[in-house]
Number of protein chains: 2
Amino acid sequence: MSRGWEAIRADVLRRIQAREWGPGAAIPTEEALCREFGCARATVGRALRDLAATGVLERRRKAGTRVALQPVRRATLEIPVIRQEVEGRGQTYAYRLLADVMEQPPLPVLLRLRLPAGVALRHLTCLHSAGGQPFVYEDRWLNPAVPGGQQPDFAAHGANEWLVANMPYDAGDIAFSAAGAGADDAAAFGIDPGTPLFIVERTTWTADTAITCVRLAYMPGYRLRMTL
Amino acid sequence: MSRGWEAIRADVLRRIQAREWGPGAAIPTEEALCREFGCARATVGRALRDLAATGVLERRRKAGTRVALQPVRRATLEIPVIRQEVEGRGQTYAYRLLADVMEQPPLPVLLRLRLPAGVALRHLTCLHSAGGQPFVYEDRWLNPAVPGGQQPDFAAHGANEWLVANMPYDAGDIAFSAAGAGADDAAAFGIDPGTPLFIVERTTWTADTAITCVRLAYMPGYRLRMTL
DNA sequence: TACACAAATATGTCTGCACATAATCCCGCC
DNA sequence: GGCGGGATTATGTGCAGACATATTTGTGTA
């Protein structure tokens, strides 16, 4: 065994996987473990905290540390910027703005952004392509009332890239789903309406102000991969 | 400001969002910051380490700490056990085993599990339902050569629940996609073939041994939500 | 000029100690 | 027996100092 808190983490994980400490069972206290490993309590604590963060252990004050009854599989998804995703595949990226108008959004968008009825938002649609083929069709509603004032035109660069570079980010949510291609999607990709598409919907907030609400339709057959 | 390393993390994050420290810029050293905050270096380090873990900062020895040029949005997905997902919605969960046979898997499954041609795997199909309605159609290939010997029958409980409770877990990957319902899917859900479905595919390994490869087809309209 | 090596430096980790905090446990009381 | 409240206890956080490690940077040499 090498050394350090990572070694302790590895050893604890090994014992859990070997069922030495079964699911739901309490493991020794930090004090007992640091006596066993011959290190400071902080070092054991670091290892156990890390295992708790990945869902392997559950810790509670006074109650002690126990093996998670139901090892939650947590996966971290790195949400890609489309340009980088395309270029990471070795394909050439291209971006084309299809429309940029002010209009009243449909009700679902208003609800998601928690805005009153009647307001007009900036409505952008654009197409990201990879190696000449349509890759993602983007349909975005942008709140013009966001701080920072001046909003650029997005003819050259994608709105997302402008946002990540210029807007402080607070919170948001993402949803994945499948949907049949609508008329717009079908036109953008040159496919039949109803073709199953992978859909990503994102809403972004900064301090109670809705920034943007975007729907990304990926090309047919797209797979989003994550590693555990 | 309250106190503790979380307060420091919040303050650093605030300055980044306020563009006090712009993207790509180096921020003061731990030493400088702990002088400013009037705390120990370990405390500042904890805050900065956490921000680095979430992708806001990038840290390198000697080079120092700088604001991530491209703030990677990392989202953590807690992969739900289907039973819990259903019960969490307040619906009654039901599980039904549709088939359980040994057979040779199709080539894509063999490739994903890195198994030689000709081997037979246990092939399970089952249906999870929520509130009496079909919820997920599961198509699973299970390696019978996994250690632990005896494999139970899955008539009563889902294979996934048996696995998480009995198999040590090492690594795996997940992919999300959209696909039109095949004949099996259509029959399971009582829908037309070709209806867009949200598909999750998972492969699980333990120490170079493939355990299982599963395809989950979710009911039409299903949305997988994550929080950033 | 180009390259190898050494000094400088910021982060990474560990120790040992202290106190804070939240549960649980247990004892006494009704 | 049931219940409330304080003692107990394991984890959470903090501090000051030390050494380890990875890079960078500057220097000297071929």
Side-chain angles (χ1 to χ4, degrees), chain A residues 1-16 20-72 74, chain B residues 1-16 20-69 71-72 74 76:
Chain A
M1 194 196 320
S2 55
R3 250 184 281 168
W5 66 272
E6 293 191 271
I8 295 177
R9 179 184 61 182
D11 198 61
V12 170
L13 186 59
R14 182 189 57 73
R15 293 195 209 180
I16 292 169
E20 198 170 320
W21 296 325
I27 76 172
T29 68
E30 288 191 351
E31 199 139 352
L33 286 174
C34 76
R35 250 181 286 123
E36 176 187 337
F37 285 109
C39 67
R41 190 169 78 91
T43 308
V44 170
R46 187 111 153 72
L48 297 187
R49 193 193 314 145
D50 193 79
L51 286 171
T54 64
V56 175
L57 293 177
E58 282 174 8
R59 318 193 72 195
R60 267 161 57 224
R61 277 172 165 147
K62 159 73 182 177
T65 303
R66 47 189 59 238
V67 180
L69 209 46
Q70 217 259 252
V72 184
R74 284 203 191 85
Chain B
M1 194 194 324
S2 56
R3 249 183 279 166
W5 66 273
E6 293 190 274
I8 296 179
R9 179 184 61 183
D11 198 62
V12 170
L13 186 58
R14 183 189 57 74
R15 294 196 207 178
I16 292 168
E20 198 168 318
W21 297 325
I27 75 173
T29 67
E30 287 191 352
E31 199 139 353
L33 286 174
C34 75
R35 251 181 285 122
E36 176 187 337
F37 285 107
C39 67
R41 190 168 78 90
T43 308
V44 170
R46 189 110 147 72
L48 298 187
R49 191 193 314 143
D50 193 80
L51 286 171
T54 65
V56 175
L57 293 177
E58 284 175 6
R59 318 191 71 192
R60 267 161 58 223
R61 277 170 168 153
K62 159 72 183 177
T65 304
R66 47 189 60 236
V67 180
L69 209 47
V72 184
R74 284 201 193 88
T76 58

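Labels below follow one simple rule: chain letters A, B, ... track the order of the sequence lines, proteins then strands, and each chain is numbered from 1.
Relative to the axis of its first five pairs, the axis of the last five pairs of the helix from dT1(C)-dA30(D) to dC30(C)-dG1(D) sits at 20°, rounded to 10 degrees.
Residue Leu48(B) contributes atom CG, which lies 8 Å from atom P of dT11(C) at whole-angstrom precision. Spacing between atom CG of Leu51(A) and atom P of dT11(D) amounts to 13 Å, rounded to whole angstrom units. Atom CD in Glu31(B) sits roughly 12 Å away from atom P in dA16(D) (whole-Å rounding). In this structure, Phe37(B) places its CZ atom 17 Å from P of dT13(D), rounding to the nearest Å. Atom pair Arg49(A):CZ and dT13(C):P shows a separation of 11 Å (rounding to whole Å applied). The nearest whole Å value for the distance from the CD atom in Glu30(A) to the P atom in dG16(C) is 15 Å. One interatomic measurement links the two molecules: CG of Leu33(B) to P of dT11(C), which rounds to 8 Å at whole-angstrom precision. Computed from coordinates, the Leu57(B) CG to dA10(C) C1' distance equals 14 Å when rounded to whole Å.
An OP1 or OP2 oxygen of dG12(C) is reached within less than 4.0 angstrom by a side-chain nitrogen or oxygen of Arg59(B). Within the structure, a side-chain polar atom (N or O) of Arg46(B) is placed less than 4.0 Å from OP1 or OP2 of dT13(D). Remark: Thr65(B) is in phosphate contact with dT11(C), judged by side-chain N or O atoms under 4.0 Å from OP1 or OP2. OP1 or OP2 of dC15(D) has at least one side-chain nitrogen or oxygen of Thr43(B) nearer than 4.0 Å.
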Review point. Should Phe37(A) and Thr43(A) be marked as a side chain to side chain contact (heavy atoms under 4.5 Å, CB included) after you check the CA-CA gap, both sets of side-chain angles, and the distance that decides it?
Key: CA-CA 10 Å; Phe37(A) 285 109; Thr43(A) 308; over 6 Å; no

Check your understanding: Does the pair Arg66(A) and Arg60(A) meet the rule for a side chain to side chain contact (heavy atoms under 4.5 Å, CB included), with working shown?
Key -> CA-CA 9 Å; Arg66(A) 47 189 59 238; Arg60(A) 267 161 57 224; 5.7 Å; no

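Here the shortest heavy-atom pairing between Gly55(B) and Ala68(B) reads O-CB, 3.3 Å. Scanning both residues, Leu57(A) and Thr65(A), for their nearest heavy atoms gives CD1-CG2, 3.8 Å. Taking every heavy atom of both residues into account, Leu33(B) and Pro28(B) meet most closely at CD1-O, 3.8 Å.
Within 4.0 Å (heavy atoms only), Ala42(A) reaches at least one base atom of the nucleic acid.
Surrounding CD of Glu31(A) are at most 12 heavy atoms belonging to other residues, nucleotides or ligands under 6.0 Å away.
The salt bridge (Lys or Arg N to Asp or Glu O under 4.0 Å) test with Glu30(B) is passed by exactly one of Arg46(B), Arg61(B), Arg41(B), Arg49(B): Arg41(B).
Using a 4.5 Å heavy-atom cutoff, the side chains of Ile16(A) and Ile27(A) are not in contact.
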Exercise for review: Between protein and nucleotides 18-26 of chain C, map the contacts as a letter string: B base, S sugar-phosphate only, - none, heavy atoms under 4.0 Å, written 5' to 3'.
Suggested key: B--BBBB--

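Between Asp11(A) and Arg15(A) there is a salt bridge, since a side-chain N of the basic residue sits under 4.0 Å from a carboxylate O of the acidic one.
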